[in-house]
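The structure under discussion appears below in the form of structure tokens.
Because the structure is a prediction, the values reported are computed rather than measured.
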Amino acid sequence: MMKASCLGSNRPLSGQLYKYTNVVKGWQQRWFAVDPESGVLSYYLFDGPGDTVQPGQPARGEAHLAGAVICPSDEDSKTFTINCASGDMLKLRATDARARQEWVNSLRAIAEVHTKAMGANPPLQPREQLAVHDAMASARQQLQTTELSDAALARCIESSDSPFLHTDPDLLLLKATSAASMQCLLQCLGILLRQQQYATANIKNSSSDSH
């Protein structure tokens, strides 16, 4: 079920989707609403047909679509993901393939509008640009160190002489959590680098236009 308004309308895009929470809770029904003006996706507790979101009901969570990447999933014809510029990711499932495509198209259109608006903000001054470059370089160095530590942890667990360590649930969880956290940090850095490149390109374009 989806109530998709025209993108030029002030009414929010809204409808029911399933949100993947975690391995234990799995998929849960939520009511999603997007405000095209603010570019914010909000979701609410929702018990299914017959249930309604009450006016003033607090959102269970929010995600800003500016800079977000919306991708259909390869696992099936209903699932898609929203990778936010903040590094957060929402894994969602529509009722069918057609509904998924409607959501993906609409969310991409709204995200594109707000991403362009974000890029139109005044560029950073040269001194601020240098500070950003230094911060990015420092973040890359820290991540390289962390990546080496993650690899060392994995080798330590895998090369242990004790067969019990290979199947110890706590160690396996530690290894998986470490690897997942590493991937998340790398994705976040990638998003920040793309935003930096975009801002740098805007500065160059602005400079060439002024001459």
Side-chain angles (χ1 to χ4, degrees), residues 17-30 32 34 38-45 59-76 78-94 100 103-104 107-108 110-112 114-115 118-119 121 124 131-160 165-201:
L17 291 169
Y18 289 88
K19 177 180 176 292
Y20 185 78
T21 305
N22 52 46
V23 177
V24 177
K25 295 183 178 179
W27 295 92
Q28 296 182 322
Q29 290 186 83
R30 295 288 183 262
F32 283 78
V34 188
S38 64
V40 174
L41 170 69
S42 304
Y43 56 92
Y44 304 82
L45 292 177
R60 186 72 170 179
E62 292 183 342
H64 292 269
L65 294 177
V69 178
I70 297 96
C71 301
S73 173
D74 293 332
E75 3 180 320
D76 55 45
K78 303 176 184 179
T79 306
F80 64 98
T81 59
I82 301 175
N83 297 279
C84 302
S86 64
D88 294 332
M89 185 191 79
L90 295 176
K91 186 175 182 179
L92 307 174
R93 180 175 289 168
R100 179 181 79 169
W103 273 102
V104 169
L107 290 172
R108 279 177 172 173
I110 295 172
E112 182 179 2
H114 288 275
T115 300
M118 180 174 63
N121 290 333
L124 296 175
V132 170
H133 281 294
D134 290 343
M136 288 294 183
S138 176
R140 280 195 293 267
Q141 291 176 353
Q142 290 293 332
L143 276 182
Q144 287 172 357
T145 303
T146 305
E147 201 167 9
L148 291 174
S149 298
D150 175 63
L153 172 65
R155 286 196 303 271
C156 182
I157 295 175
E158 293 167 359
S159 62
S160 173
L165 293 182
H166 296 170
T167 57
D168 184 278
D170 291 332
L171 285 177
L172 293 177
L173 178 60
L174 175 63
K175 179 184 173 184
T177 302
S178 177
S181 299
M182 190 69 243
Q183 286 301 313
C184 182
L185 289 171
L186 290 171
Q187 289 175 1
C188 290
L189 180 62
I191 291 172
L192 289 173
L193 288 172
R194 286 195 295 274
Q195 290 295 327
Q196 182 192 14
Q197 291 167 359
Y198 188 77
T200 302

| query | So F32 and W103, would you call those rings parallel, tilted or perpendicular, with 30° and 60° as cut-offs? | reply | perpendicular
Notebook entry, point to check: R60 versus Y44: any side-chain heavy-atom pair under 4.5 Å?
Noted result: no
* Verify side chain to side chain contact (heavy atoms under 4.5 Å, CB included) between Y43 and L92, making sure each step is shown before the conclusion. => CA-CA 11 Å; Y43 56 92; L92 307 174; over 6 Å; no
Quiz item: Looking only at atom types and distance, does a side-chain atom of S178 sit under 3.5 Å from a main-chain N or O of L174, one as donor and one as acceptor?
Solution: no
Residues, nucleotides or ligands: over 12 heavy atoms within 6.0 Å of N22 CG:
yes
Of all heavy-atom pairs linking P72 and I70, the shortest is CD-O, 4.3 Å
Across all chains, not counting sequence neighbours, the salt bridge (Lys or Arg N to Asp or Glu O under 4.0 Å) partners of K78 are none
When rounded to the nearest 0.5 Å, the distance separating OG1 of T21 from CG of L90 is 10.0 Å
Here the gap from K91 atom NZ to I82 atom CD1, rounded to the nearest 0.5 Å, amounts to 13.5 Å
Between the CD atom in Q183 and the CG atom in D150, the distance rounded to the nearest 0.5 Å is 8.5 Å
| request: Given side chain to side chain contact (heavy atoms under 4.5 Å, CB included), test Y20 with T81 step by step and report yes or no. | output: CA-CA 10 Å; Y20 185 78; T81 59; over 6 Å; no
Q | CA sep, side-chain torsions, deciding dist, call: E62, V40, side chain to side chain contact (heavy atoms under 4.5 Å, CB included) | A | CA-CA 7 Å; E62 292 183 342; V40 174; 4.1 Å; yes
Output for pair (R93 CZ, S73 OG), nearest 0.5 Å, gives 8.5 Å
query: Just by distance, do the side chain of R100 and the backbone of T79 share a donor-acceptor pair under 3.5 Å?
result: yes
When rounded to the nearest 0.5 Å, the distance separating OG of S149 from CG of L143 is 11.0 Å
### Task
For the pair I110 and L41, evaluate side chain to side chain contact (heavy atoms under 4.5 Å, CB included) and give the outcome as yes or no after the intermediate values.
CA-CA 10 Å; I110 295 172; L41 170 69; over 6 Å; no
Taken to the nearest 0.5 Å, the spacing of T146 OG1 from L153 CG works out to 12.5 Å
Between A66 and T115 the two heavy atoms that sit nearest each other are C-OG1, 3.7 Å
Exercise for the section: State, yes or no, whether a side-chain contact exists between Q141 and T145 at a heavy-atom distance under 4.5 Å. Expected result: no
